[in-house]
There are 2 protein chains.
Amino acid sequence: MANPKATPQRSDWQRNHERLVATAAALVAREGAQVSLEEIAREAGVGSATLHRHFASRQALLEEVFRDEVERLRLRARELAAGDPRTGLVTWLEELTISAVNTRGLPASLAAGAGAGPSAGDTCHAVMREATVTLTDRALAAAAVRPGVSPDDLLALVEAVAQATEGDPPTALRLLGLALDGIRP
Amino acid sequence: MANPKATPQRSDWQRNHERLVATAAALVAREGAQVSLEEIAREAGVGSATLHRHFASRQALLEEVFRDEVERLRLRARELAAGDPRTGLVTWLEELTISAVNTRGLPASLAAGAGAGPSAGDTCHAVMREATVTLTDRALAAAAVRPGVSPDDLLALVEAVAQATEGDPPTALRLLGLALDGIRP
DNA sequence: CCAACATATGGGGTGGCCCTCCGGTTGTCC
DNA sequence: GGACAACCGGAGGGCCACCCCATATGTTGG
């Protein structure tokens with residue numbers, strides 16, 4: 001289902017693909033991650049069969065919808081990896097939380113990827129995980145956080161908080177703060 | 001929709017009601033909180049209309065399914081309120097987390113009640129909230145936790161963790177531990 | 001420029017879900 | 001044991017995910 005660059009699809013394929021992702025982005029932002037797939041297809045002006053042919057699952061569609069935002073976060077993590085290890089990690093977790101809470105459907109998409117193990121490397125969750133591992137390891141190495149803290153646990157916590165407080169950034173940050181006070185050395 | 005003791009329902013009503021709750025409990029335990037309501041009705045041997053007449057919503061049905069477990073937890077909180085304030089609160093949060101993670105569908109049910117405000121006083125969430133408020137206030141009064149900690153935040157965190165780690169108690173407790181280390185004075 | 005063909009499309013069908021209406025049934029109370 | 005309110009469940013409407021296959025359309029070699 002993914003698009004191997006080796007065999008470029010027909011132009012209408014690409015057109016419909018972009019249409020679908022754009023429409024999905026708009027509808028997910030307005031109605032959440034569980035929008036009707038048929039509505040997306042209808043709004044995009046294609047048959048529902050086409051949507052299913054382009055995306056094997058709702059999750060596959062969401063992965064593409066959030067690709068840009070995830071990329072933005074990935075680059076941000078790169079930046080943060082250049083500064084202070086402690087504040088870098090904390091800022092990363094905060095910004096990730098804010099993004100997830102403010103981006104309708106993202107928490108669901110991240111959580112969905114979490115259970116899948118390390119199978120597919122390009123899921124939203126996998127990218128966020130790699131960033132979190134890097135920043136956590138740096139903080140651990142600098143003794144900036146209590147030893148034994150696991151990046152997977154941190155990410156799981158952020159995802160849990162984001163999913164539970166979708167649309168309410170202040171609460172999300174309060175809950176995250178509660179948790180973060182536990183990582184002092 | 002609740003059963004005011006003043007006008008006892010007909011015997012078949014009561015029979016079907018118990019059947020439905022029992023069947024729902026079994027199916028929710030096996031398949032999770034989003035089981036098909038029609039399947040519950042089918043398995044219970046009643047028409048789907050009857051199920052909808054007895055329970056205005058899926059949530060209403062779940063509330064009854066979990067009534068016993070919630071009552072057990074409530075009594076447990078009472079016990080804990082007699083001991084050390086610090087360990088009482090911590091133990092409560094841990095046991096609540098364990099129960100929620102091990103009881104399929106409970107996290108969803110708790111979370112669903114969370115957004116509803118203080119309208120209905122007998123929801124699962126409301127009961128757990130009252131217990132958590134009591135124990136947290138005690139701990140705050142004894143300066144056993146950092147001031148400013150909110151029982152609602154603690155409960156929200158437990159519910160978030162429980163929902164995100166449903167069926168995986170070790171992870172749930174690790175995440176809770178991460179958060180709990182933040183409540184030292 | 002055009003034919004032939006792989007690639008892609010979408011209407012319509014299947015089966016499932018939630019929820020409601022309404023004709024029929026069953027407890028209950030006098 | 002009859003009358004009446006309470007209760008039941010099959011059937012149907014609206015919506016959804018997913019799939020099949022006859023049709024259309026980009027693409028490419030002559």
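Each chain gets a letter, A, B and so on, in the order its sequence line appears, and its residues count up from 1. Predicted, not measured: the structure shown is a model, and the values here were computed from it.
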Nearest whole Å is fine: how far is [N] [atom2] from [X] [atom1]?
X: B:Trp13; N: C:dT28; atom1: CH2; atom2: P; answer: 14 Å
X: A:Glu43; N: C:dG10; atom1: CD; atom2: P; answer: 15 Å
X: A:Leu62; N: D:dA17; atom1: CG; atom2: C1'; answer: 15 Å
X: A:Asn16; N: C:dT7; atom1: CG; atom2: C1'; answer: 13 Å
X: B:Gln14; N: C:dT28; atom1: CD; atom2: P; answer: 10 Å

Check: Is B:Leu178 reachable from A:Trp92 through a run of I, L, V, M, F, W or Y residues, each pair having side-chain heavy atoms under 4.5 Å apart?
Finding: yes
Note to self: I'd like to know if A:Val127 and A:Val133 are part of one continuous hydrophobic network [Ile/Leu/Val/Met/Phe/Trp/Tyr, side-chain heavy atoms within less than 4.5 Å].
What the structure shows: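 Shared cluster, no.
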Next item on the list: Decide if atom CD of B:Glu71 counts as having more than 12 heavy atoms of other residues, nucleotides or ligands within a radius under 6.0 Å.
Entry: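 Counting neighbours around CD of B:Glu71, more than 12 heavy atoms of other residues, nucleotides or ligands fall under 6.0 Å, so yes.
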Next item on the list: Please step through side-chain hydrogen bond (donor to acceptor under 3.5 Å, both in side chains) for the pair B:Glu159 and B:His125, ending with a clear verdict.
Entry: CA-CA 10 Å; B:Glu159 289 176 357; B:His125 175 80; 2.8 Å; yes
Going from [atom1] on [X] to [atom2] on [Y], what distance comes out if it is rounded to the nearest 0.5 angstrom?
X: B:Ser109; Y: B:Glu64; atom1: OG; atom2: CD; result: 11.5 Å
X: A:Leu180; Y: A:Thr97; atom1: CG; atom2: OG1; result: 7.5 Å
X: A:Arg129; Y: A:Leu110; atom1: CZ; atom2: CG; result: 13.5 Å

Notebook entry, point to check: Can you give one letter per nucleotide of nucleotides 11-20 of chain C, 5' to 3': B if a protein heavy atom sits under 4.0 Å from the base, S if only from the sugar-phosphate, - if neither?
Noted result: BB----SBBB
Notebook entry, point to check: Which residue pairs pass the salt bridge (Lys or Arg N to Asp or Glu O under 4.0 Å) test with at least one member in residues 12-23 of chain B, sequence neighbours excluded?
Noted result: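 The answer is B:Arg10-B:Asp12.
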Next item on the list: Examine D:dC7: is either OP1 or OP2 under 4.0 Å from a nitrogen or oxygen in the side chain of B:His54? Give yes or no.
Entry: no
Margin query: To check you understand the geometry: which heavy-atom pair defines the closest contact between A:Thr136 and A:Thr132, and what is its length?
Written below: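 Heavy atoms of A:Thr136 and A:Thr132 come nearest at OG1-O, 2.6 Å.
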Checklist line | Minimum heavy-atom distance B:Pro169-B:Asn102, with the two atoms named | finding: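 Of all heavy-atom pairs spanning B:Pro169 and B:Asn102, the closest is CG-OD1, 3.2 Å.
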Note to self: Show me the pairs that pass side chain to side chain donor-acceptor pair (under 3.5 Å) and involve residues 29-40 of chain A, at least two apart or across chains.
What the structure shows: none
Notebook entry, point to check: With no hydrogens and no angle check, is any side-chain donor or acceptor of B:Arg74 less than 3.5 Å from a backbone partner on B:Glu130?
Noted result: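 Side chain of B:Arg74 to backbone of B:Glu130: no pair is present.
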Notebook entry, point to check: If only atom types and distance count, is the side chain of A:Arg104 paired as donor or acceptor with the main-chain N or O of A:Gly167 below 3.5 Å?
Noted result: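 Such a contact is absent between A:Arg104 side chain and A:Gly167 backbone.
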Close N or O pairs between protein and nucleotides 1-4 of chain D (under 3.5 Å):
none

Got a list of protein N/O to nucleotides 23-30 of chain D N/O distances below 3.5 Å?
{"residue": "D:dT25", "atom": "O2", "partner": "A:Arg10", "partner atom": "NH1", "Å": "3.1"}
{"residue": "D:dT25", "atom": "O2", "partner": "A:Arg10", "partner atom": "NH2", "Å": "3.2"}
{"residue": "D:dG26", "atom": "O3'", "partner": "A:Ser11", "partner atom": "OG", "Å": "3.2"}
{"residue": "D:dT27", "atom": "OP1", "partner": "A:Ser11", "partner atom": "N", "Å": "3.3"}

Notebook entry, point to check: Considering the terminal five base pairs at each end of the helix from C:dC1-D:dG30 to C:dC30-D:dG1, what angle separates the two local helix axes, rounded to 10°?
Noted result: 0°
